[in-house]
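Lettering follows sequence order; numbering is per chain, from 1. What you are looking at is a predicted structure, and each value in this text was computed from that prediction instead of being measured.
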2 protein chains.
Amino acid sequence: MPVELTASQALNLWHGVSLEQVRIDNRDLTLRQISILLHIYLVPPPHTVRGLAGILGVTKPVITRALDTMGDLGLVTRSRDERDRRNMIIKRTVDGALYLEKLGDLIIDQGRKLSI
Amino acid sequence: MPVELTASQALNLWHGVSLEQVRIDNRDLTLRQISILLHIYLVPPPHTVRGLAGILGVTKPVITRALDTMGDLGLVTRSRDERDRRNMIIKRTVDGALYLEKLGDLIIDQGRKLSI
DNA sequence: GCTGAAAGAAACGCTTCCGTAACGGTCATG
DNA sequence: CATGACCGTTACGGAAGCGTTTCTTTCAGC
């Protein structure tokens with residue numbers, strides 16, 4: 001069941017969520033980091049550095065750095081793939097799930113506030 | 001007319017839009033910059049540095065820097081307020097409007113792709 | 001006119017990001 | 001057991017972000 005939005009609704013939704021996210025959270029992830037985080041949590045594993053780099057259209061060091069940062073924040077973890085020890089498997093954490101749960105609530109709240 | 005989203009829809013919407021935005025646009029604005037840009041374009045003027053700082057809950061230099069960056073990108077302009085020459089009035093540009101128009105289209109497209 | 005407050009910008013030292021390039025560890029093929 | 005390919009990380013110089021602090025300009029009240 002698709003969600004039909006007007007141009008005004010779409011931008012107002014984005015505006016409200018971005019604004020609240022900036023006001024609430026001091027971590028200030030970049031759009032790339034948010035993309036990576038959402039991808040890890042919404043798309044079935046396994047997730048690798050190379051795979052994410054390809055999907056986002058960025059270089060591998062970008063992914064490594066983003067994982068370093070979000071790892072420090074406790075939002076993701078990674079461990080070596082024992083089947084092919086060249087690979088790193090990127091995994092979810094409880095804190096990461098909580099972070100996205102709050103983001104989801106924010107989006108839902110802002111959606112409710114919309115009018116035509 | 002509110003927009004009712006499920007948690008899954010909300011995050012999938014954000015995921016799709018973030019991912020496409022990262023893939024398409026090399027400018028990679030921060031969430032703060034996007035908030036400022038949307039605020040300028042969606043909320044009636046006038047907009048000042050101090051006002052934006054208060055709304056976003058950040059310091060004034062953050063706004064100044066964001067306006068510098070987005071000014072270089074052609075997304076906003078500012079000019080001195082002739083009624084009170086201490087103030088700067090932040091204004092929209094054609095490029096900024098185009099940028100947000102594309103963002104709006106992206107959100108609408110991703111909304112259409114959603115399913116429960 | 002002076003003086004103090006206000007608005008925005010600039011300066012400072014620091015952190016984090018970028019892209020490119022080089023690097024070690026691991027697998028696969030001969 | 002070499003050799004080449006592959007994966008992720010690290011190193012590098014540079015750009016841009018941060019918060020705090022210090023101007024510079026302008027207004028307002030006496």
Under 4.0 Å between a side-chain N or O of B:Asn87 and OP1 or OP2 of C:dG8? yes
Could you check whether B:Arg85 gets within reach of a base, just the sugar-phosphate, or nothing at all, counting any heavy atom under 4.0 Å? sugar-phosphate
I need the CE-C1' distance between A:Met88 and D:dT9, as an integer number of Å. 10 Å
To the nearest Å, give me how far apart CZ (B:Arg50) and P (D:dT26) are. 19 Å
Hey, does the side chain of B:Arg32 come within less than 4.0 Å of D:dG19's phosphate (OP1/OP2), counting only N and O? yes
If you compare every side-chain N and O of B:Thr64 against the phosphate oxygens of C:dA9 (OP1, OP2), does one of them come in below 4.0 Å? yes
What's the closest nucleotide to the A:Val49 side chain, out of C:dT26, C:dG8, D:dT9? D:dT9
Within the structure shown, what part of the strands sits under 4.0 Å from A:Glu82 by heavy-atom distance: base, sugar-phosphate, or nothing? nothing
Rounded to the nearest Å, what distance is computed from the CG atom of residue B:Asp81 to the C1' atom of nucleotide C:dA6? 13 Å
Could you check which of C:dG8, C:dT20, C:dT26 has an atom nearest any side-chain atom of B:Lys60? C:dG8
Check every atom of D:dG8, C:dA5, C:dA9 against the side chain of B:Arg86 and return the nucleotide holding the closest atom. C:dA5
Check the phosphate of D:dG17 against B:Gln33, side-chain N and O only, distance under 4.0 Å to OP1 or OP2. Yes or no? yes
Checking side-chain contact (heavy atoms from CB on, under 4.5 Å) between B:Ile34 and each of B:Thr30, B:Leu38, B:Ile36, which is the one that passes? B:Leu38
Quickly work out the B:Leu29 CG to C:dC18 P distance and round it to whole Å. 14 Å
Nearest whole angstrom, please: distance from the P of D:dC6 to the CG of A:Asp84. 12 Å
Check the orientation of A:His47 and A:His39. Use parallel for under 30°, tilted for 30 to 60°, and perpendicular for over 60°. perpendicular
Just to be sure I understand the rule, does A:Thr69 reach a base, reach only the sugar-phosphate, or reach nothing, if contact means heavy atoms closer than 4.0 Å? sugar-phosphate
Given D:dT26, C:dT20, C:dG8, identify the nucleotide with an atom nearest to the side chain of A:Pro61. C:dT20
Nearest-0.5 Å distance, OG1 of residue B:Thr6 to CD1 of residue A:Ile108: 6.5 Å
B:Asn12-B:Ser8 side chain donor-acceptor pair, cut-off 3.5 Å: yes
Could you check how far CD1 of B:Ile63 sits from P of D:dG19, rounded to whole Å? 10 Å
Within the structure shown, what part of the strands sits under 4.0 Å from A:Arg80 by heavy-atom distance: base, sugar-phosphate, or nothing? nothing
Taken to the nearest whole Å, CG/A:Leu56 to P/C:dC18 is 11 Å
Rounded to whole Å, the CZ-P distance (A:Arg78 to D:dG8) equals 10 Å
Does C:dC18 have its OP1 or OP2 closer than 4.0 Å to a side-chain nitrogen or oxygen of A:Arg65? yes
Just wondering, more than 12 heavy atoms not from B:Arg92 lying within 6.0 Å of its CZ? yes
Output for pair (A:Ile63 CD1, A:Leu56 CG), nearest 0.5 Å, gives 5.0 Å
